[in-house]
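Note that the coordinates shown come from a computational prediction; the quantities given were computed from them, not determined experimentally. Throughout, protein chains are lettered first and strands after them, A, B, ... in sequence-line order, and every chain is numbered starting at 1.
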Protein chains: 2
Amino acid sequence: MAATIKDIAKYTGLSISTISKYLNGGNVLEPNKQLIEEAIQTLDFKVNEMARGLRTSRTMTVGVLIPSLKNIFFTSIVSHIESELLKEGYSTIVCDFKEDPDLEEKKLQFLFDKMVDGIVLMPLPGNDNLIKKIIAQQTPLVLIDRLIPNVDCDVVLVDNLNASYNAVEQLIIRGHRRIGIIAGPQNIYTAQERLKGYIRVLEDYGLKVDPSLIKHGDYQIESGYNLLLELIGDEQPPTAVYVTNYEMTIGSIIAINENNIRIPDDLSFIGFDNQDLARIVKPALSIVVQPVQKIGETAAQVLLKRLKKDQRGFPLVTRLKTQLLIRDSIKKLES
Amino acid sequence: MAATIKDIAKYTGLSISTISKYLNGGNVLEPNKQLIEEAIQTLDFKVNEMARGLRTSRTMTVGVLIPSLKNIFFTSIVSHIESELLKEGYSTIVCDFKEDPDLEEKKLQFLFDKMVDGIVLMPLPGNDNLIKKIIAQQTPLVLIDRLIPNVDCDVVLVDNLNASYNAVEQLIIRGHRRIGIIAGPQNIYTAQERLKGYIRVLEDYGLKVDPSLIKHGDYQIESGYNLLLELIGDEQPPTAVYVTNYEMTIGSIIAINENNIRIPDDLSFIGFDNQDLARIVKPALSIVVQPVQKIGETAAQVLLKRLKKDQRGFPLVTRLKTQLLIRDSIKKLES
DNA sequence: TAAAAAAAACGAAACGTTTCGCGTAACAAG
DNA sequence: CTTGTTACGCGAAACGTTTCGTTTTTTTTA
């Protein structure tokens, strides 16, 4: 049905190999160029990627594997990866593993079997072996959001530690001494980093780290809600709270509003990730913003580089800065 | 590098065509079966999908195109589509078009050029021509969430009209007469339907439809926030509000809480889409829940059916019921 | 036990590209 | 006019499957 390179050859009177050469950017005489171009237009010719793939063993396809498609932060990144890859003609096979380590392994294997040309992965802790296998097989792999110790692999990270450090520091500077944190699951790399930043800044300023001010949530709305209530229900409640992801920030906001806690008078607050949310809450929320677009684009660019067999700088560790937006949700305490 | 069917043939002493037959479920003598299976294991053989695709002109790949990857409702559906398709060995190429009609057309063309075996699309209004072209080309296509008039195409819908009807009816039954709606963009099919349901139930109960109670948002958090404030700022504010998507529900909740509006005493409320959110808000929100999983699975199943050349019942219009969860956010008014 | 029928295995062509080595035309230099 | 050089163009093989017509093996039946 569809026109093939053969048809173009027939139409132009040139040989198949000349057409192929032209298609791949080789030198062809000007009049022939024109002719071929004309043929392509009139016959509506499209390269058969499968035939090409069979010859070149490239699929022009990239696999993206994330923990969940129901998390805005992840899918936003995917969105930018996809746009960036598309510019170079790659399509993106997206999978999620529903936060399940077994599924992660299965899907990674699936992508690998599909012979994708490269993979972008947001790994859970633990499956390091499969990752090593992928790398050993020479399939370009870019990790996002998590570093795997002792494994050489390109990775795009956010400087979570300093993100927390800077955020909490602003609270300290404004006189806060009892600062609560709603942290993420203890086995998640980024959550650990964010917690580390919190602890380090307290220590740097000579403040005691009070375990009762550290709450571990599961990055869902509900735990943000519950943990914020726990914090303010403490016998010695914090004067400020720092929440470390988007969903839990929503939950916290709802808890705060429902209990008529005034921000920043009763409680100072720093949230995470979503600018829209921060803007509409009154007073405007202070917030740590992750460079979602930059993360996606960088991951895609690093991968594209590897796909072009450019191995310079391997392994490339890109650490992106977060942005701290200070707005009206922080009160300056008298000291 | 990787083992091919040829290697299996050599290992087993059988011919290539026999191996192929086995791989595709043909009959092979029991001892040979064993032998082949053994060879596959030891040589770690995987079918080269590209070679297969070249022969069969099937890519075992499905394209999914949604308006935005930053919308939880869309990505949740994608998640379920992906799982369902994977069961049958299909991989899912996900694209979004960032709510841009031009981009929608480009990406649809891209998927088509990639020779995906089928497409699942959540269309914006307007691009009906391209859709017709896809259908004409015999590529199986399943639409989600929107019906296109005068085009025969499988489609999975939610009964938005009755969703609204039933929700608002509950408000009416409980004595509400001034009921506000925060509706979606006027050019979006589902938004129109939801608004229609609202209007119809009012008419059925002989209530006047007051245009000042109908607000059109853009399905984003911020507009939910702003429009709720508009509604309650009305000189004759509604006693109940019905909000028609997730993001705007969040926005409304924030507005409500910030302004110390008590639910349900000052205002009765019905939201949309997210059960988590509904559960944690106090008092528990009444809510319209879309069957996200069902939508995704159904779309995938219909597509799989078409991919198997099963054209029975074409065009298949599946209209799924929403669920109405009545909880504590609705007050019974004295009549 | 032989013939017929059924089942299994085989060989070769085809799918639409890319690639490589070779032929040839064009052109410049001697 | 001849030779050397360059740049294009060409033909054929190869990528790893499926498929179809044919041959071989096995099973059934008489």
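Going from atom CD of B:E30 over to atom P of C:dA8 covers 11 Å, rounded to whole Å. Counting to the nearest Å, the P atom of C:dA9 and the CD1 atom of B:I8 are 16 Å from each other. With rounding to whole Å, B:I19 atom CD1 is found 17 Å from C:dA12 atom C1'. Taking atom CG on B:L35 and atom C1' on C:dA8, their separation rounds to 15 Å, with Å as the unit. We find that CE of A:M60 is positioned 14 Å from C1' of C:dT17, with the value rounded to whole Å. In this structure, B:I16 places its CD1 atom 8 Å from C1' of D:dG16, rounding to the nearest Å. In this entry the distance linking CG of B:N32 with C1' of C:dA8 reads 9 Å, nearest Å. Taking atom CD1 of B:I5 as the reference point, atom P of C:dA9 lies 14 Å away to the nearest angstrom.
Taking the side chain as every heavy atom from C-beta outward, B:K46 and A:M115 never approach each other to under 4.5 Å. Using a 4.5 Å heavy-atom threshold, the side chains of A:V142 and A:V156 count as touching. In this structure, A:Y189 and A:L147 have side chains that are in contact, with non-hydrogen atoms separated by less than 4.5 Å. Side-chain contact check for A:L307 versus A:L304: some heavy-atom pair is nearer than 4.5 Å.
Which of D:dC10, D:dG9, D:dC15 sits closest to the side chain of A:V28 comes down to D:dG9. Taking every side-chain heavy atom of B:T4 into account, D:dT17 is the closest of C:dA9, D:dT17, D:dC8. Distance from the side chain of A:R52 is smallest to C:dT18 among D:dC10, C:dT18, C:dA14. For B:S17, the side-chain atoms get nearest to D:dT19 when compared with the rest of D:dT19, C:dT17, D:dC15. Considering only side-chain atoms of A:N24, the nucleotide from C:dA8, C:dT18, D:dT18 that sits closest is C:dT18.
Looking at which nucleotide of DNA chain D each of A:T56 and A:T18 is closest to, the 5′-most match is held by A:T18. Judged by closest nucleotide on DNA chain C, A:A2 is the one of A:K21 and A:A2 placed further toward the 5' end.
Residue A:S20 places no side-chain N or O under 4.0 Å from the OP1 or OP2 atom of C:dT17. The phosphate of C:dC10 has OP1 or OP2 within less than 4.0 Å of a side-chain N or O from B:S15. Side-chain nitrogen and oxygen atoms of B:N48 include none within less than 4.0 Å of the OP1 or OP2 phosphate oxygen of D:dT17.
At a threshold of 4.0 angstrom between heavy atoms, the contacts of B:K46 are confined to the sugar-phosphate backbone, with no base atom among them. Within 4.0 Å of A:Y22, counting heavy atoms only, lies no atom of the nucleic acid at all. Residue contacts shown for A:L29 are limited to sugar-phosphate atoms, with no base heavy atom under 4.0 Å away. A:L14 comes within 4.0 angstrom of sugar-phosphate atoms only, judged by non-hydrogen atoms across all strands, and of no base.
Side-chain atoms of B:R55 stay outside donor-acceptor range of the base of D:dT17, with no qualifying N/O pair under 3.5 Å.
Side chains of B:N160 and B:T190: no donor on one and acceptor on the other come within 3.5 Å.
Within a 6.0 Å sphere centred on NZ of B:K294, other residues, nucleotides and ligands contribute 12 heavy atoms or fewer.
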